[in-house]
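Quick caveat, the model's predicted, so the values are computed rather than measured. Order of listing sets the numbers, starting from 1, for every ligand and every atom in it.
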Amino acid sequence: MPTNRRHVIATAVALSASTLVPLSAFAQKKIVLGFSQVGAESEWRTANTESIKSAAKDAGIELKFSDAQQKQENQIKAIRAFIAQKVDVIAFSPVVESGWDNVLKEAKAAKIPVVLTDRSVNSKDSSLYVTFMGSDFVEEGRKAGRWLVEKTKGQKGDVRIVELQGTVGSAPAIDRKKGFEEIIKADPKFKIVRSQTGDFTRAKGKEVMEAFLKAEGKNGINVLYAHNDDMAIGAIQAIEEAGLKPAKDITIISIDGVKGAFEAMMAGKLNVSVECSPLLGPQLMTAVKDILAGKQVPKRIVTEESIFPMETAAAEFPKRKY
Ligand code: GZL
């Protein structure tokens with residue numbers, strides 16, 4: 001046992017004999033976790049932040065939390081600050097996949113373990129992080145595609161799709177597109193006629209959907225595939241303002257399964273939402289403690305998820321935790 005810890009224990013024993021202070025008050029150094037969050041761009045992100053903050057509190061872990069406002073340079077700055085503060089572990093949700101090797105090498109040189117949550121990085125050096133915990137975004141895109149194939153079975157003629165992509169360069173945007181296209185490419189009737197980023201926000205989702213409607217005309221769009229519920233909810237406003245019925249004139253498929261999506265499905269304005277759970281806080285705190293205890297942690301921890309069509313929304317809604 002390192003000398004300073006022995007000294008602390010000895011002092012603690014002496015003190016506790018005379019002042020009856022519990023030994024644990026001295027012996028346990030509080031774990032310090034530095035967390036760099038993407039931002040506060042969506043209901044999903046808000047629920048994710050809440051999960052991390054409450055889980056840190058429950059776990060007795062000191063959380064240094066930073067909101068990057070969806071800017072990579074702010075996340076890199078925050079990670080460097082955590083290194084300077086000598087935190088015990090660094091965790092973050094990378095806003096985009098690339099550009100992390102240098103700062104992760106600095107964390108490695110400082111012997112501070114790094115955990116990726118929610119989104120991953122495309123670094124070739126997987127020794128730069130201990131584990132990546134989060135959803136399988138390709139599978140989420142496949143689930144969206146399979147739902148559409150089922151919904152349009154036997155339907156003749158083209159199915160004209162517009163796509164609201166997530167943040168350019170982010171793992172969920174790249175992989176949700178990949179998974180969806182992998183499924184629909186089997187049938188040439190499916191045509192993605194427009195595809196543009198709405199940056200995962202309601203405001204941008206509405207703005208881009210307005211442009212899609214203007215370009216394609218009122219009868220030019222059969223399906224909207226949105227990479228998250230917030231963009232779908234913004235697009236629903238644009239569809240209604242164009243005098244069309246969302247989920248009827250235009251079938252709407254989205255991902256996350258946040259409260260706003262369930263409310264839209266129960267109002268008959270959204271057809272389906274693929275679940276993407278933000279509740280990663282408890283898993284993260286367990287991984288942090290296991291890493292510091294020297295335990296083996298899997299390189300990849302995948303979140304188990306479902307799919308919620310509007311027909312099940314009312315029954316599911318009371319059970320939802322985010
Ligand atoms: C997915 C997460 C995405 C959500 C969006 O795990 O990274 O970012 O789907 C959020 O709502 O903005």
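Here the rule is side-chain contact (heavy atoms from CB on, under 4.5 Å) with Ile31, and of Val288, Leu63, Val87 only Val288 fits it. Only one option out of Ile250, Ile184, Ile161 pairs with Val223 in a side-chain contact (heavy atoms from CB on, under 4.5 Å); it is Ile161.
Residue contacts with ligand 1 include Pro172, since one or more of its heavy atoms lies under 4.0 Å from the ligand. For the ligand labelled ligand 1, residue Asp118 lies inside the 4.0 Å heavy-atom shell.
Taking every heavy atom of Phe137 and a limit of under 4.0 angstrom, the matching atoms of ligand 1 come to 1 (C), 6 (O). Close contacts between ligand 1 and Glu41 involve ligand atoms 8 (O), 10 (C), 12 (O) [criterion: under 4.0 Å to a heavy atom]. In summary, the atoms of ligand 1 found under 4.0 Å from a heavy atom of Cys276, numbered by their order in the structure, are 1 (C), 6 (O). Near Ser42, with a cut-off below 4.0 Å to any heavy atom, the atoms of ligand 1 are 5 (C), 10 (C), 11 (O), 12 (O).
Taking a cutoff of 4.0 Å between a charged side-chain nitrogen and a carboxylate oxygen, Lys29 and Glu62 do not qualify as a salt bridge. Checked for salt-bridge contact, Arg80 and Glu106 meet the test: a charged N lies under 4.0 Å from a carboxylate O. Using a 4.0 Å cut-off between a side-chain N of Lys or Arg and a carboxylate O of Asp or Glu, Lys218 and Asp249 do not qualify as a salt bridge. Using a cut-off of 4.0 Å between Lys/Arg side-chain N and Asp/Glu carboxylate O, Arg320 and Glu275 are scored as salt-bridged.
Looking at ligand 1, you'll find an N or O of Arg176 within less than 3.5 Å of one of its N or O atoms. Of the polar atoms of Arg119, at least one N or O is found under 3.5 Å from an N or O of ligand 1, judged by distance alone.
For the residues Asn228, Asp230, Asp256, the heavy atom positioned nearest atom 9 (O) of ligand 1 is part of Asp256.
Side-chain atoms of Lys248 come within 3.5 Å of backbone N or O of Gly268 as a donor-acceptor pair.
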